[in-house]
Structure formats: structure tokens, C-alpha cells
Amino acid sequence: MQLGIPLPQTPDGRVYRYSPNEHAHPRHFVMGSRVEGFSLPEAMTPRMSHQPGVPETVCPYSGVVAPDNDFTHPDDLAAARKIVEHAARADMQEAIHGMFEDLGRKFSGSKSIKIKAGPRPVHKPVPRFVRSDLLRELICDECGRDYGVFAISLFCPDCGAPNIHLHFAREVMLVRDQVKLAHGLGEDQSELAYRLLGNAHEDVLTAFEATLKTVYLHKVAIRPAGSPDAKTVGNAFQNIGRGQQRFAEFDFDPYAVLSPAALAVLTLNIQKRHVIGHNLGVADAAFAEHAADSRARRDRAARRRRNPAIR
């Protein structure tokens, strides 16, 4: 006999999943159903790497593909055992009570033997396992799968499509909400508005850095065997030059599409993040120097646009 125990679900009806790849930090994620009304394409799209809906799962952090059962969380296996144990104990109590009831009926006419089974046992409630949904909720724009992750993920767990852009789009939405909230505050809350805007600015650069770092570490992880070991990343992606050096290992420049003026703005805003995050909003000498240098470069770029002969 085989028993099928449904996996515990989060309050929103998602199933807890756990990557079999021990290097895919943090390994935890949740999977829900395909969103209602989403029509799967007849064939896999160019961005898909895996047929959606088949009994296999893609690790959203590393891209490793394995059978669904390999993604079952150890805690869920323990929960299933508790449910089976509870059911078995209840069945044994019922069986023993039934045996004494039968004996009681058998000896009901006896004057010397009296057997009374007593009231039927009151069973303990079935174990319930409360789970909270994870932080970032996403819907794949290729296959419509609803899922949630605890850290930046790279792939849809159903169709394997690269989905890191969904993370960044969500960060953009949250930052816009912060800015909207700050602008809605009155004059008497100007300091709070400034702090909210500062936090929003810091979140932009944090998302920018984390996205580049996540992509770089994935590229390092899938390099052919025998490749040089990667040095500790640290805060390399808080600096444009060091970030370029990292991606140069893969013949790629993440800043290649930026104009000199846009690159100058990015440099200045990285320095602003330092002031907001580490100096309580007070501009120090280092920031003043970078700000002046950035303004000078923007001015040169503007003059070049007006007069291409200027170098």
C-alpha cells in the first residue's frame, strides 16, 4: 500500500521547495499554480530552456533541473511522517475500542463477566504546519507560473526562462512607491521625506549592485572545469571600474551601452549612496571631489554634443 500525503502549503496556496543543489544559496523557494487565464504557447519560446508543466523543476538560483520529488523540503518529509503517525495512532485507537465493544456485546448476557468499552476516544487534531510566503513574489512572463523566492533568482522554476529582469522591475516599482510617498508628505515632515528619498536612492544602487553580482557569480559557477578560481567578490560592484574588470573575464562590459554622460551620472549616484548610507547624508570631502569631477565630465560631454570638434 502506498500513501499519498499532500505537501503543506503557504497561506497563499504555494508549495515549499528546496533546491537539491547545495551551492544554490539560499535553496528555499515556493511554487504556486499557473496564473488563471494564462495560455501556454504551443512550443517553447526562445527564452525557455525547459518544457513547462512537466514533472521536473528548475532551481531558480542555479538552473539545475531535477525531478519534482528532489525539490521536496526535508521539513515537509518530516511533516508527512507526522501526519501518517497521527493517522496510524487514530486507527489503532479505533481498532482497540472496537475490539472491546465486540467483547462487550459478546458477553452482554453473562452474569459473571461485564465488559464496557467506554466512550469513543477523542482524537487530537490533525497536525497543521504554518508557513509564511517568501519575500519576493513573481509571475513568469513566459509561462505564467506563480512562484516566490527569498533572494535574487535567475530562472523560472517551471520553464527555466531567465527572469532576473522581473526582480529589477519589482525594485523599480518599490522605489517609485517610496518616492511617491515622500512627495506626499507635508512641509512639517520634510526631514522624513528626505530620509525616504535617501532610502529609495540607496535601494536603487543596492538593486543595481546585487543584480550584477548575482549574474557574475552564476557565470563563475558554470565556468568549465579547470578555470581559475574566482577571487572574493566583496563590494567590487560598488565600483564601475572594478565591475568592468570582473565581467572582462567573460568578454562582456555591462556598461557598454551607457553614454559618457550617463556613466558620469551613475558614478555620481554611487558616491551619493556612500554619503546617504554611511555618512548620514553629510557630504564629505571624498564626495565633493567625485561630485566636482562628475560635473566636469558632464559639462565636457555637453560641449562635445554642441560642438563635435571639441575633444
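The basis for the numbers below is simple: all heavy atoms, side chains too, and nothing from hydrogens, waters or symmetry mates.
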Could you check Ser49 against Cys159 for side chain to side chain contact (heavy atoms under 4.5 Å, CB included), going step by step and ending with a plain yes or no? CA-CA 6 Å; Ser49 64; Cys159 73; over 6 Å; no
Evaluate the criterion side chain to side chain contact (heavy atoms under 4.5 Å, CB included) for residue pair Val30 and Val15; output intermediate values, then yes/no. CA-CA 5 Å; Val30 293; Val15 176; over 6 Å; no
Verdict with reasoning, Thr211 to His167, per side-chain hydrogen bond (donor to acceptor under 3.5 Å, both in side chains): CA-CA 9 Å; Thr211 300; His167 279 273; over 6 Å; no
Step by step, work out the side chain to side chain contact (heavy atoms under 4.5 Å, CB included) result for Ile139 and Phe38. CA-CA 11 Å; Ile139 296 176; Phe38 191 97; 5.9 Å; no
Steps toward side chain to side chain contact (heavy atoms under 4.5 Å, CB included) verdict (Phe29, Ser153): CA-CA 10 Å; Phe29 62 103; Ser153 65; over 6 Å; no
Residue pair Arg195, Glu202: steps toward the salt bridge (charged side-chain N to carboxylate O under 4.0 Å, His left out) verdict: CA-CA 10 Å; Arg195 182 60 58 88; Glu202 200 170 357; over 6 Å; no
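Using modelled atom types and a 3.5 Å distance limit, the side chains of Asn163 and Tyr147 yield a donor-acceptor pair. A donor-acceptor pair shorter than 3.5 Å cannot be found between the side chains of Asp158 and His50.
With sequence neighbours left out, the salt bridge (Lys or Arg N to Asp or Glu O under 4.0 Å) criterion links Arg27 to no other residue. Considering only residues two or more places apart in sequence or on other chains, Glu209 meets the side chain to side chain donor-acceptor pair (under 3.5 Å) condition with Gln238, Arg273. Residues satisfying the side-chain contact (heavy atoms from CB on, under 4.5 Å) criterion with Arg176, sequence neighbours excluded, are Val172. Under the rule for a side chain to side chain donor-acceptor pair (under 3.5 Å), Asp188 has no partner lying at least two apart in sequence or in another chain. For Arg17, there are no salt bridge (Lys or Arg N to Asp or Glu O under 4.0 Å) partners, not counting sequence neighbours. Under the side-chain contact (heavy atoms from CB on, under 4.5 Å) criterion, Leu181 pairs with Leu196, sequence neighbours left out.
Scanning all heavy atoms of the two residues, the minimum distance from Pro52 to Arg34 falls at CB-NH1, 4.2 Å. Scanning both residues, Gln51 and Val54, for their nearest heavy atoms gives O-CG2, 3.2 Å. A pairwise comparison of heavy atoms in Ala200 and Gln178 identifies CA-OE1, 3.6 Å as the closest pair. In plain terms, the two heavy atoms of Arg145 and Cys156 that are nearest each other are CB-SG, 4.3 Å.
Separation of atoms OH (Tyr216) and CZ (Phe247) is listed at 8.5 Å; rounding is to 0.5 Å. Here His218 contributes atom NE2 and Leu154 contributes atom CG; the two are 5.5 Å apart, rounded to the nearest 0.5 Å. Here CG of Asp253 is found 10.0 Å from CD1 of Ile240. Values are rounded to the nearest 0.5 Å. Note that CG of Asp203 is 10.5 Å distant from NE2 of His201, once rounded to the nearest 0.5 Å. Taking OG of Ser190 as the start and CG of Leu185 as the end, the distance is 9.5 Å to the nearest 0.5 Å. Note: Leu263 CG to Leu258 CG = 6.0 Å, rounded to the nearest 0.5 Å.
In this structure, Ser62 contributes its side chain and Cys59 its backbone to no donor-acceptor pair below 3.5 Å. Judged purely by atom type and a 3.5 angstrom limit, Asn269 uses its side chain to pair as donor or acceptor with the backbone of Val265. The closest donor-acceptor contact from the side chain of Thr214 to the backbone of Ala210 lies under 3.5 Å.
Both tests do not hold together for Lys213 against Phe237: distance to the six-membered ring centre under 6.0 Å, angle to the ring axis within 45°.
Residues Asn235 and Asn239 fail the side-chain proximity criterion, which asks for heavy atoms closer than 4.5 Å. Side-chain atoms of Pro157 and Phe155, non-hydrogen and from C-beta on, never get closer than 4.5 Å to each other. Val58 is not listed as a side-chain neighbour of Val64, based on a closest heavy-atom distance of 4.5 Å or more. Side-chain contact between Arg246 and Leu212: absent, with no pair of heavy atoms (C-beta onward) separated by less than 4.5 Å. The closest side-chain heavy-atom distance from His183 to Leu197 is below 4.5 Å. Looking at Val149 and Tyr61, their side chains come closer than 4.5 Å, going by heavy atoms from C-beta outward.
Taking hydrophobic clusters as Ile, Leu, Val, Met, Phe, Trp and Tyr residues chained together by side-chain heavy-atom distances below 4.5 Å, Leu217 shares a cluster with Val215. The cluster map of Ile, Leu, Val, Met, Phe, Trp and Tyr, joined by side-chain heavy atoms under 4.5 Å apart, puts Met48 and Leu166 in different clusters. Following chains of ILVMFWY side-chain contacts shorter than 4.5 Å, one cannot reach Tyr18 starting from Leu138, and the two form parts of different hydrophobic clusters. Hydrophobic clustering (side-chain heavy atoms under 4.5 Å, transitive across Ile, Leu, Val, Met, Phe, Trp, Tyr) keeps Met31 apart from Leu40. Leu205 is connected to Val233 through a chain of hydrophobic side-chain contacts under 4.5 Å among Ile, Leu, Val, Met, Phe, Trp and Tyr, so both are in one cluster.
Classification of Asp146 and Arg14 as a salt-bridged pair holds, one side-chain N sitting under 4.0 Å from a carboxylate O. A salt bridge links Arg223 with Glu249: the closest approach of a Lys/Arg side-chain nitrogen to an acidic carboxylate oxygen falls below 4.0 angstrom.
Aromatic ring pairs are classed by plane angle as parallel below 30°, tilted from 30° to 60° and perpendicular above 60°; the pair Tyr255 and Phe208 is tilted. Relative orientation of the Tyr16 and His28 rings is parallel, given thresholds of 30° and 60° on the angle between their planes.
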